Protein chains: 2
Amino acid sequence: MDAVDAVGYQPSQLARGLRLDKTNMIGMIIPDVTNPFFPAVVRGAEDVAFANGYRLILCNTDNDHSKEIVHLNELRTFLPSGLIVIPSNFSDLTAQAESYRKSGTAVVCVDRLPKGWDGDTVTADNEKGAYEATSYVLRQGHRQLAMVMGPRHLTNAQDRLAGFKRALHEKKIPIGPEYIQEASFDQHGGYAKTMLLLRMIPRPTVIFAANDMIAFGALLAFREAGLHCPEDISLIGFDNLQFAEMTSPPLSSVSQPGFQMGTSAAQILIDRVRGDDGPAKHLVLETALKIRDSVAPPSLISAQKSPSSRRNRLSK
Amino acid sequence: MDAVDAVGYQPSQLARGLRLDKTNMIGMIIPDVTNPFFPAVVRGAEDVAFANGYRLILCNTDNDHSKEIVHLNELRTFLPSGLIVIPSNFSDLTAQAESYRKSGTAVVCVDRLPKGWDGDTVTADNEKGAYEATSYVLRQGHRQLAMVMGPRHLTNAQDRLAGFKRALHEKKIPIGPEYIQEASFDQHGGYAKTMLLLRMIPRPTVIFAANDMIAFGALLAFREAGLHCPEDISLIGFDNLQFAEMTSPPLSSVSQPGFQMGTSAAQILIDRVRGDDGPAKHLVLETALKIRDSVAPPSLISAQKSPSSRRNRLSK
DNA sequence: TTGTAGGCGTTATCAC
DNA sequence: GTGATAACGCCTACAA
């Protein structure tokens with residue numbers, strides 16, 4: 001052992017993996033690190049992976065399921081201990097994971113679920129989070145709501161829509177289908193669909209954005225339309241990104257524990273690798289409504305009608 | 001070959017690496033994916049790595065050089081083709097890389113340089129970027145400047161400070177040392193040091209934040225102090241993060257090509273792996289000043305003195 | 001308890 | 001050119 005230290009010997013993970021039919025690597029497949037929600041998940045996963053001697057191979061799919069398949073196939077040749085994946089749109093993960101599991105590689109799905117998935121999952125309670133946000137907005141007195149929802153085929157988008165509808169239904173508030181617009185989970189989608197909503201009559205008094213990037217786009221649209229938030233129109237988001245408190249006004253948003261989603265996923269994965277072969281786990285993490293300044297009672301609109309026009313120096 | 005297709009055979013990267021003394025993996029060591037500048041670099045690197053058949057192992061150091069050493073040592077056991085590293089504070093990379101290169105593993109340094117580094121580098125032209133931002137601010141008529149610089153021992157922070165000073169020197173504008181405050185590259189540091197600067201007499205008419213996170217913190221400090229930007233005080237940042245246009249007011253900032261830093265680093269690395277053994281490369285990428293609404297001529301301060309107090313409804 | 005041979009999947013080399 | 005074989009570093013199983 002002294003000699004080991006003296007020489008600085010470290011076992012080759014390569015040879016080790018070859019012999020054991022399994023490496024200490026974990027494949028992490030996500031849509032895009034550049035999208036501000038995902039880095040937290042990655043970081044969470046890396047932290048517990050690292051603490052347990054595992055390393056992360058990072059793969060971006062751009063939500064393209066064919067790119068996802070390529071990664072899934074390539075990763076196999078590294079004999080990873082497991083895979084943590086945030087599935088792409090129309091993901092084929094369910095089929096692929098079958099063969100992975102057969103070879104003893106654990107797979108856990110995070111944030112959204114591919115069709116037919118029956119393995120381990122870690123998600124946020126999207127339905128409840130959206131329900132609470134919507135209920136809050138209703139308590140503020142809003143009756144003319146609108147939602148810019150995410151891509152219709154993503155389960156997290158579906159769940160947020162469901163929560164939104166449940167809150168409305170509970171209070172027997174009707175909503176026309178044209179007040180629910182579908183957008184990609186980004187600023188551009190939020191901007192475009194908000195522009196549409198702003199032209200509707202009656203104009204919604206509040207917009208629920210299915211994530212914060214959409215909300216940021218909505219804010220841009222408000223500016224361009226010369227509307228002041230929250231005096232003229234209210235807005236609420238989902239994700240509670242670090243930047244939600246930096247916008248003008250600071251954005252009220254449903255907080256989602258991205259970091260913890262990463263740590264939990266990695267923990268479940270590592271438990272599996274160590275022999276846990278119980279039934280599929282479905283961890284659902286709590287969301288929390290972060291109230292800031294982007295929602296005001298609609299009654300204020302008339303009360304503040306004059307002040308709201310006081311300042312239209314909008315950028316650009 | 002038909003049989004290969006039929007069976008879906010894929011060579012084991014593990015066995016391949018063992019035999020060839022080199023895998024198709026690239027170790028990417030960064031401070032923290034969660035810090036909004038780095039994901040772009042990671043993504044750029046992943047894109048060209050992937051296109052060339054390489055995979056990325058992602059490691060976060062939290063700017064802790066001892067954690068960096070651990071990663072550096074562990075990565076060795078994977079026989080990676082190369083390393084792309086954004087060095088931590090007080091990085092020991094120079095010494096470590098020596099032994100890596102001896103075993104034929106290329107190492108390229110990105111964004112900032114460790115002490116004594118003489119290998120390949122990819123950086124932004126921090127000095128020039130800062131010089132241009134400062135010159136712009138001076139052209140707007142500011143004479144009482146302040147800077148919240150980054151950590152004094154990081155080369156990119158040093159270079160930005162140098163550019164700032166050069167512009168001042170050129171116009172023979174004096175500046176007291178107390179108007180240059182050192183902060184960590186994050187929101188909290190920016191907030192605290194801006195608070196300090198706001199109490200100085202005379203109060204600076206503009207603050208140059210060494211990166212956008214610091215600038216966001218400064219914006220928070222402005223709010224809390226009841227100051228309106230840019231009417232009461234101007235602000236300029238560095239990085240041009242995606243969110244710079246979402247703040248209130250939209251932040252003027254020096255744009256830095258993070259994505260391209262990643263692609264270039266990966267490209268240089270791959271060239272090395274493929275046999276390029278020319279002298280060390282030092283790629284310096286151009287910055288660009290993005291002018292938005294956070295800088296106004298200081299003369300407006302008196303002109304708008306009354307309107308500036310019109311609205312102090314500050315969040316929180 | 002301590003020591004050793006075999007094989008994981010490649011590729012490079014050497015013999016034919 | 002074609003085809004067999006050794007070796008990369010490790011772990012396990014089995015022998016002493």
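This one's a predicted model, so the numbers in the text were calculated from it and none came from an experiment. Each chain gets a letter, A, B and so on, in the order the sequences are listed, and its residues count up from 1.
Using a 4.0 Å heavy-atom cutoff across all strands shown, A/Gln13 reaches no nucleic acid atom at all. Contact annotation for B/Leu20: backbone-only contact, meaning every heavy-atom pair under 4.0 Å involves sugar-phosphate atoms and none involves a base.
With a cutoff of under 4.0 Å to any heavy atom of chain A, the contacted region of DNA chain D is bounded 5' to 3' by D/dG9 to D/dT12. When DNA chain C is scanned 5' to 3' for any atom under 4.0 Å from a heavy atom of chain B, the first and last hits are C/dG9 to C/dA12.
The closest side-chain donor-acceptor pair between B/Thr77 and A/Arg16, if any, does not fall under 3.5 angstrom. Looking only at atom types and distance, the side chain of B/Arg76 has a donor-acceptor partner in the side chain of B/Gln96 under 3.5 Å away. With 3.5 Å as the limit, one finds a donor-acceptor pair spanning the side chains of A/Ser88 and A/Glu68. Counting only N and O atoms by type, the side chains of A/Arg43 and B/Asn35 include no donor and acceptor under 3.5 Å apart. A donor-acceptor pair shorter than 3.5 Å can be found between the side chains of B/Thr121 and B/His282.
Cation-pi geometry between A/Arg55 and A/Phe50 is not met: the NZ or CZ atom fails to fall both under 6.0 Å from the ring centre and inside 45° of the normal.
At a threshold of 4.5 Å between non-hydrogen side-chain atoms, the residues A/Leu18 and A/Thr23 do not count as touching.
Taking the six-membered ring for Trp, A/Phe243 and B/Phe216 have ring centres closer than 6.0 Å.
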